[in-house]
There are 2 protein chains.
Amino acid sequence: MLSQSEENYLKAIFSIELSNAKTVSTTLIAKNLSTKASSVTDMIKKLADKNLVNYEKYKGVKLTSEGKEIALNIVRSHRIWEVFLVDKLNYNWDEVHDLAEQLEHIKSTTLIDKLDKLLGFPKHDPHGDPIPTEAGEIEPINGKPIPNFKEGTIGRIIHIEDEPEIIYKQILAEDLHIGSQLHIVENNEKRVVFHSEGEEYVLAPIVANNITITELLKEEFSEEKSFRLSNLKNGEEAKIIGISRECRGEIRRRLLDLGFVINTKITVDLTSPMNNPRAYLVRDTSIAIRNEQAKFILIEKIKTHAKSH
Amino acid sequence: MLSQSEENYLKAIFSIELSNAKTVSTTLIAKNLSTKASSVTDMIKKLADKNLVNYEKYKGVKLTSEGKEIALNIVRSHRIWEVFLVDKLNYNWDEVHDLAEQLEHIKSTTLIDKLDKLLGFPKHDPHGDPIPTEAGEIEPINGKPIPNFKEGTIGRIIHIEDEPEIIYKQILAEDLHIGSQLHIVENNEKRVVFHSEGEEYVLAPIVANNITITELLKEEFSEEKSFRLSNLKNGEEAKIIGISRECRGEIRRRLLDLGFVINTKITVDLTSPMNNPRAYLVRDTSIAIRNEQAKFILIEKIKTHAKSH
DNA sequence: ATAAATTTTTAGTCTTGTCTAAATTTTTGA
DNA sequence: TCAAAAATTTAGACAAGACTAAAAATTTAT
Ligand SMILES: [Mn+2]
Ligand SMILES: [Mn+2]
Ligand SMILES: [Mn+2]
Ligand SMILES: [Mn+2]
């Protein structure tokens with residue numbers, strides 16, 4: 001049975017191997033775990049003794065198949081716990097990482113599979129990361145960070161990295177979401193500018209690097225037609241095209257119960273003094289929800305001059 | 001922030017204080033934690049430095065109010081996790097203790113309260129132990145172990161201790177359940193004999209000591225009328241009086257869905273070669289369930305010669 | 001009351017995981 | 001190519017927790 005510390009080292013090595021680093025060096029591991037290189041050397045020797053990594057002095061380290069299997073299991077555990085915390089306990093997706101760092105080390109041969117079942121065998125965690133299967137297979141992430149794409153690219157956010165926390169919080173503050181489509185209009189060493197859901201975003205490249213997107217063909221892109229309900233202006237008419245993937249569990253169910261279902265027409269009905277909450281007219285009913293919820297509802301604006309006969 | 005080890009010591013001291021021990025001695029703590037007295041002395045000094053226990057050399061140890069609060073929180077956490085594992089993940093009540101020993105140490109200010117809410121604010125864990133409130137109040141257990149009662153006593157099982165494991169497994173093998181009513185017919189140093197749900201049980205006093213009961217007045221006792229469905233004989237007629245408290249979550253819901261609801265009349269319909277499963281006639285429908293499930297259904301036999309006119 | 005038995009503490013070690021400082025190896029770049 | 005810089009390892013130390021053996025205190029039993 002491995003200690004928590006050993007497990008964390010394996011996980012760190014695994015994540016460095018997945019990144020585009022040539023070799024998994026002592027320093028990279030130390031940085032990843034916020035520890036010192038000398039501590040890493042000590043631990044690597046122990047892991048090599050246990051046949052979990054191959055290690056040659058000064059040459060970096062590589063997981064053995066046994067070590068990789070363990071790392072994948074920890075990743076699986078971490079991500080399933082994150083889904084549990086968001087779906088079942090109604091945490092926000094930005095609150096669950098540290099808790100999952102603890103929960104991933106709980107030792108049990110059955111717990112994770114039972115949780116997986118309870119959650120309906122989710123494929124992705126709340127940050128968009130794929131969850132390895134019981135057999136240790138993991139879907140490759142085929143997107144790249146925003147700064148890798150050239151100006152004019154149209155893409156969809158598939159992943160937002162939750163570490164380091166400072167950058168993560170910044171992205172959250174900007175109100176960017178997994179699933180959002182975007183259009184890159186400027187990209188240089190100073191800044192990255194893109195349009196998404198009717199807003200313009202300006203990010204430093206370091207920040208933008210934590211946002212992974214897949215490129216969309218021009219045809220796939222719904223030409224700036226996809227917005228969040230919170231963006232709907234008074235007098236505009238829209239059609240609901242879905243509830244954002246990052247909204248799950250109880251809140252999602254509640255929104256569906258309230259009638260925010262696909263293809264439903266919607267307009268702004270009443271506005272409160274602070275513009276929050278606002279009431280929307282859905283299926284002849286006025287329903288007031290706060291903007292935090294309205295952000296989860298994806299809409300497509302309808303040209304208002306085209307009245308239904 | 002306390003270490004897991006420190007938390008375990010506080011929990012051990014708390015549980016010894018709750019028992020009828022005069023003083024919480026080094027040896028008792030060592031026994032409780034399966035460690036050595038010298039280790040205990042070391043740790044007690046540390047806890048005393050942190051003002052979690054009062055300690056005077058050779059005189060035993062006592063939790064301070066601060067220490068007691070922490071201990072109560074760990075107990076709360078442990079028992080809520082046990083409920084989660086049984087109710088949501090469909091573990092059996094005899095499988096959850098060790099996992100809860102790990103989960104109770106997860107650090108979070110919000111996690112346990114969210115879990116508590118998800119579970120519907122349970123009052124007791126799957127072993128019948130009361131769950132302390134957020135404020136640290138705990139319902140006193142007012143029962144006593146079976147050997148404390150004299151012959152002739154009628155009682156109801158309110159708690160089955162899950163440690164030590166050997167004794168616990170023995171009780172499980174005997175098929176005794178929280179909520180069962182029993183009638184003590186013999187009680188001496190050699191053995192304890194009682195009747196419950198149509199069966200006679202003979203236990204060694206050490207084993208019987210792990211079963212806590214409350215005494216019932218003669219009137220409260222349904223005079224041997226309360227049985228488990230698995231005890232119903234061919235040709236007998238019975239009325240369902242409930243589903244046993246130890247059956248929770250998905251399985252309970254399923255049994256209710258199948259029509260095993262209170263006041264329903266029931267008879268044995270068909271019997272399979274091994275007598276398991278058996279089919280029962282409920283509301284004009286024949287439903288086959290296995291004995292393991294039938295044990296959860298509490299019935300009251302109806303005298304068959306009294307036909308409903 | 002006092003010797004024997006038991007309990008508790010102390011002293012000294014060991015393991016795990018971490019750190020700093022120093023030594024060694026590898027990489028960089030003039 | 002070779003000195004300087006950077007990366008890596010080694011040596012030595014420390015804190016947490018646990019253990020054994022021995023010393024000290026307390027309890028028990030004559
Ligand atoms: Mn995470
Ligand atoms: Mn994640
Ligand atoms: Mn338990
Ligand atoms: Mn319990």
Side-chain angles (χ1 to χ4, degrees), chain A residues 1-14 16-17 19-63 67 70-71 74 101-102 104-107, chain B residues 1-13 16-17 19-63 67 70-71 74 101-102 104-105 107:
Chain A
M1 185 113 309
L2 297 182
S3 70
Q4 277 195 207
S5 198
E6 290 169 317
E7 290 187 344
N8 282 334
Y9 273 91
L10 290 178
K11 198 168 54 131
I13 296 166
F14 179 72
I16 296 167
E17 281 186 356
S19 77
N20 39 22
K22 289 147 240 159
T23 56
V24 180
S25 70
T26 312
T27 335
L28 278 176
I29 298 171
K31 196 171 293 166
N32 187 301
L33 292 171
S34 313
T35 185
K36 297 295 154 77
S38 54
S39 307
V40 174
T41 307
D42 287 346
M43 182 60 93
I44 283 173
K45 283 178 188 161
K46 223 189 316 176
L47 294 175
D49 285 346
K50 295 191 180 182
N51 234 300
L52 300 172
V53 299
N54 290 124
Y55 167 59
E56 204 190 332
K57 270 197 200 177
Y58 295 103
K59 302 291 180 204
V61 75
K62 200 170 175 318
L63 290 176
I70 294 170
I74 304 164
E101 289 282 305
Q102 294 181 59
E104 70 190 7
H105 299 292
I106 298 292
K107 259 74 171 182
Chain B
M1 186 111 309
L2 297 183
S3 69
Q4 278 196 204
S5 196
E6 290 169 316
E7 290 187 346
N8 282 333
Y9 273 91
L10 291 177
K11 200 168 53 131
I13 296 167
I16 296 167
E17 281 186 356
S19 77
N20 39 23
K22 289 149 239 158
T23 56
V24 180
S25 69
T26 311
T27 337
L28 278 175
I29 299 171
K31 195 171 295 167
N32 186 300
L33 292 171
S34 315
T35 184
K36 296 295 153 74
S38 53
S39 308
V40 174
T41 307
D42 286 348
M43 181 59 95
I44 282 173
K45 284 178 187 163
K46 225 191 314 179
L47 294 175
D49 286 346
K50 295 190 180 182
N51 234 299
L52 300 172
V53 299
N54 289 125
Y55 167 57
E56 205 190 330
K57 268 194 197 178
Y58 295 104
K59 301 292 180 202
V61 74
K62 200 172 174 316
L63 290 175
I70 294 169
I74 304 164
E101 289 282 306
Q102 295 181 61
E104 70 189 6
H105 299 293
K107 260 73 171 183

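Proteins come first, then strands; the chains are lettered A, B, ... in the order of their sequence lines, and each starts at number 1.
- Nearest to the side-chain atoms of B/Ser38 among the listed nucleotides D/dA21, D/dA18, C/dT20 stands D/dA21.
- Ranking C/dT20, D/dA18, D/dT20 by closeness to the A/Lys36 side chain, first place goes to C/dT20.
- Looking only at side-chain heavy atoms (C-beta outward), B/Asn8 and B/His105 come within less than 4.5 Å of each other.
- The structure places CG of A/Leu52 at 10.5 Å from CD of A/Glu7, a figure rounded to the nearest 0.5 Å.
- Following rounding to the nearest Å, A/Leu28 (CG) and D/dA6 (C1') show an atom-to-atom distance of 13 Å.
- The distance between atom CD of B/Gln4 and atom C1' of C/dT16, rounded to the nearest whole Å, is 15 Å.
- A/Thr35 OG1 to A/Asp42 CG: the interatomic distance, rounded to the nearest 0.5 Å, is 9.5 Å.
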task: Report the C-alpha distance between A/Asp49 and A/Tyr55 in whole Å, list the side-chain angles of each, state the deciding distance to 0.1 Å, and finish with yes or no for side chain to side chain contact (heavy atoms under 4.5 Å, CB included).
output: CA-CA 10 Å; A/Asp49 285 346; A/Tyr55 167 59; over 6 Å; no

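- In this structure, B/Glu7 atom CD and D/dA16 atom C1' are separated by 15 Å, rounded to whole Å.
- When distances run from any side-chain atom of A/Ala37 to the nucleotides D/dT9, D/dA18, C/dT9, the shortest one goes to D/dT9.
- Following rounding to the nearest Å, A/Met1 (CE) and C/dT16 (C1') show an atom-to-atom distance of 17 Å.
- The OG1 atom of A/Thr23 lies 7.0 Å from the CG atom of A/Leu28; values are rounded to the nearest 0.5 Å.
- With contacts defined as side-chain heavy-atom distances shorter than 4.5 Å, the pair A/Ile44/A/Tyr9 does not qualify.
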statement: Nucleotide by nucleotide, nucleotides 24-29 of chain C touches protein heavy atoms under 4.0 Å in the pattern (B base, S sugar-phosphate only, - none) BSS---

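- For the OP1/OP2 pair of C/dT9 and a distance below 4.0 Å, the side-chain nitrogens and oxygens of B/Tyr55 include at least one atom meeting the criterion.
- Using a 4.0 Å heavy-atom distance criterion, A/Ser39 is classed as a base contact.
- Using a 4.0 Å heavy-atom cutoff across all strands shown, B/Thr41 reaches at least one base atom of the nucleic acid.
- Summarising the geometry, the separation between NZ on A/Lys31 and P on D/dA6 is reported as 13 Å, rounded to the nearest angstrom.
- Distance CG (B/Asp42) to C1' (C/dC14): 14 Å, rounded to an integer number of Å.
- With rounding to whole Å, A/Leu33 atom CG is found 10 Å from C/dC19 atom P.
- Between A/Leu10 and A/Val53, the closest side-chain pair of non-hydrogen atoms falls below 4.5 Å.
- Listed candidates were C/dT18, D/dA18, D/dT20. Nearest to the side chain of A/Ser5 is C/dT18.
- Going from atom CD of A/Glu6 over to atom P of C/dT16 covers 9 Å, rounded to whole Å.
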